[in-house]
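Below: the structure, in C-alpha cells.
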Amino acid sequence: MAGAVFVNNKQCRKTAFELQKNSRVFVQLDTEKLFFEKTPNDIDFVLSDSDVLFFDDSLIVINKPPFIPTEDTIVATRKSVHSALIKYLWEKNPELKNPPYCGIMHRLDRETSGCLLFTLTRSVNPKIHDLFENHAVKKMYRAVCALPKNNHFVVGQTFSTEFFMGRTSAKSAKCKMGKIAQNTGGVYSRTDFCISGINKNFAYIDCFPKTGRTHQIRLHLSSMGLPIVGDELYGSKVSLAEYNNRIMLHSALLEFIHPKTDSLISIKSPLPNGFF
C-alpha cells in the first residue's frame with residue numbers, strides 16, 4: 001500500500017481493514033497523476049487492408065505492430081489496435097449509426113507483434129472463448145533470445161517449461177510475474193519450445209504455449225537462462241537498437257476451428273526483420 005489512506009487520523013496500510021461506525025476516512029490524492037499513464041514510443045497506428053490477415057462475417061485477424069496496446073487504457077486519447085479496428089470497420093460501413101462491434105478474445109503485450117484475433121459478432125463469442133479457455137487454439141510465437149555464455153543449446157533442440165506462476169509485483173507497480181506455489185495462488189503454466197536457429201550470440205526460438213498466462217513465454221524463457229532480447233523486466237541485458245529496442249517476441253501463427261464453418265483456419269503472420 002502507498003500509505004495514502006488515513007482512518008481517524010492514523011495511516012492505514014491494511015487492504016482488508018474493517019471500518020467502524022462513524023470512522024473518518026481521508027485519502028491523499030494527486031489528481032494530476034490519477035489519469036496519467038506513461039506512453040513511451042506509442043506509434044500512430046492506422047489500420048489498413050494490408051494489416052488484415054483474415055476477414056469474414058464473424059472474425060478478423062490483425063497483424064499487430066509493436067509499440068501499441070491491444071485495447072484502450074485509462075488515457076482516453078491513447079490509441080489501441082481495438083480503437084483502430086473500430087475506425088477501420090466504420091469507414092468501410094459509413095452508414096452505421098453506432099460503432100461496429102469488435103470483441104477482444106485475447107491480447108498481445110504492447111511490444112509484441114503478430115496475429116491478433118477479434119470477433120465481429122457476439123454470437124461467436126462463446127465458442128471462441130471456449131477455444132482459448134480450453135487451449136484449443138494452436139499458437140506459435142517466435143522469440144529472439146540471447147544465448148548464455150555456457151551455451152549448450154543447439155538447432156533442432158526441443159524442451160518444455162512448466163510451473164505454477166502468478167503476479168509478484170505490487171498492484172501499483174508495473175506487472176511482473178514469477179514462480180508462485182499453487183497453495184499461495186499460483187496457476188499452472190506450460191510452454192513447449194524448439195530452437196529453430198542460432199546466429200552468433202542469439203537463438204531463434206519457436207514457442208508453443210499450452211496455457212495462456214500473462215507474460216508466460218517471457219517468464220518461461222527467462223527461467224531457462226534465455227531472456228528475450230529487449231525484455232529488461234525478465235533479465236535481458238541485450239537490446240537491438242536497429243529494431244527500436246523492442247522486446248523481440250512475435251505471434252507468428254494462430255490455428256483453430258472456425259466457430260461457424262467448423263473448418264480448420266490457419267493464419268500466419270510474416271516474421272519481421274530480425275526474427276530469422
Side-chain angles (χ1 to χ4, degrees), residues 37-43 63-71 73 81 106-116 139-153 157 159-171 173-180 186-187 189-253 269 271-276:
E37 185 177 27
K38 189 178 180 181
T39 58
N41 303 321
D42 274 0
I43 62 171
N63 191 18
K64 177 190 177 296
F67 301 113
I68 186 169
T70 294
E71 59 184 325
T73 66
V81 177
H106 68 130
R107 293 159 182 80
L108 295 179
D109 291 342
R110 174 181 171 274
E111 291 185 38
T112 302
S113 54
C115 299
L116 183 59
K139 295 181 280 188
M140 191 273 277
Y141 290 74
R142 170 64 61 85
V144 182
C145 300
L147 289 167
K149 291 183 179 179
N150 57 341
N151 174 49
H152 60 277
F153 296 100
Q157 181 178 349
F159 58 95
S160 298
T161 303
E162 57 183 339
F163 48 71
F164 290 91
M165 60 179 286
R167 182 165 181 151
T168 56
S169 61
K171 289 185 178 180
K174 186 175 183 179
C175 177
K176 184 176 183 181
M177 310 297 281
K179 292 183 180 180
I180 294 182
V187 291
S189 62
R190 172 176 173 145
T191 310
D192 297 339
F193 299 99
C194 178
I195 307 290
S196 61
I198 290 178
N199 180 17
K200 296 181 180 179
N201 299 319
F202 301 105
Y204 303 96
I205 304 178
D206 291 337
C207 317
F208 302 89
K210 301 304 179 183
T211 54
R213 313 307 179 197
T214 300
H215 295 184
Q216 175 177 313
I217 294 173
R218 296 165 63 181
L219 177 61
H220 281 181
L221 284 170
S222 177
S223 73
M224 295 294 294
L226 291 165
I228 298 174
V229 168
D231 193 0
E232 296 180 358
L233 188 64
Y234 292 100
S236 175
K237 294 179 173 57
V238 179
S239 62
L240 296 177
E242 61 266 41
Y243 304 113
N244 297 316
N245 298 322
R246 63 168 289 191
I247 296 173
M248 298 294 282
L249 184 63
H250 179 75
S251 174
L253 170 72
S269 170
L271 294 175
N273 290 337
F275 282 83
F276 52 90

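One-based numbering along the sequence shown.
When side chains are defined from C-beta on, Pro148 counts as touching Phe153, because their heavy atoms get closer than 4.5 Å. Contact check for Tyr141 versus Leu108: side-chain heavy atoms found under the 4.5 Å cut-off. Leu253 is not listed as a side-chain neighbour of Lys139, based on a closest heavy-atom distance of 4.5 Å or more. Using a 4.5 Å heavy-atom cutoff, the side chains of Asp109 and Glu111 are not in contact. Annotation: side chain of Tyr234 is in contact with side chain of Lys176 (closest heavy-atom distance under 4.5 Å). Looking only at side-chain heavy atoms (C-beta outward), Met224 and Cys145 stay at 4.5 Å or farther from each other. You'll find the side chain of Phe193 stays beyond 4.5 Å of the side chain of Ser160, heavy atoms only. Contact check for Cys207 versus Ile205: side-chain heavy atoms found under the 4.5 Å cut-off.
In terms of modelled atom types and a separation under 3.5 Å, the side chain of Ser113 and the main chain of Pro66 share no donor-acceptor contact. No donor-acceptor pair under 3.5 Å is formed between the side chain of Ser239 and the backbone N or O of Gly230. Panel note: side chain Ser169, backbone Lys174; a donor-acceptor pair is recorded below 3.5 Å. The main-chain N or O of Tyr204 is found under 3.5 Å from a side-chain atom of Ser196 such that the two form a donor-acceptor pair.
Between atom CG of residue Asn63 and atom OG of residue Ser251 there is a gap of 9.0 Å, rounded to the nearest 0.5 Å. Taken to the nearest 0.5 Å, the NE2 atom of His215 stands 7.5 Å off from the CE atom of Met177. To the nearest 0.5 angstrom, Arg218 atom CZ is 4.0 Å from Asp231 atom CG. Distance check, rounded to the nearest 0.5 Å: CE of Met140 to SG of Cys194 gives 9.5 Å. Here CZ of Phe159 is found 4.5 Å from CD1 of Ile195. Values are rounded to the nearest 0.5 Å. Between Leu221 atom CG and Leu226 atom CG the span is 6.0 Å, to the nearest 0.5 Å.
Taking each heavy atom of Thr70 and His106 in turn, the nearest pair found is CG2-O, 4.1 Å. When all heavy atoms of Lys200 and Leu147 are compared, the closest pair comes out as O-CD1, 3.8 Å. Across every non-hydrogen atom of Phe67 and Asn244, the tightest pair is CZ-O, 3.6 Å. Across Asn273 and Tyr243, no two heavy atoms sit closer than the pair O-CE2, 3.3 Å. The two residues Leu233 and Cys175 come nearest to each other via the heavy atoms CD2-O, 3.3 Å. Pairing each heavy atom of Thr161 with each of Ser223, the nearest pair is CG2-OG, 3.7 Å.
Using bins of under 30°, 30° to 60° and over 60° for the plane-to-plane angle, the ring pair His250/Phe275 lands in the tilted bin.
The neighbour count for Glu232 CD, taken as heavy atoms of other residues, nucleotides or ligands under 6.0 Å away, does not exceed 12.
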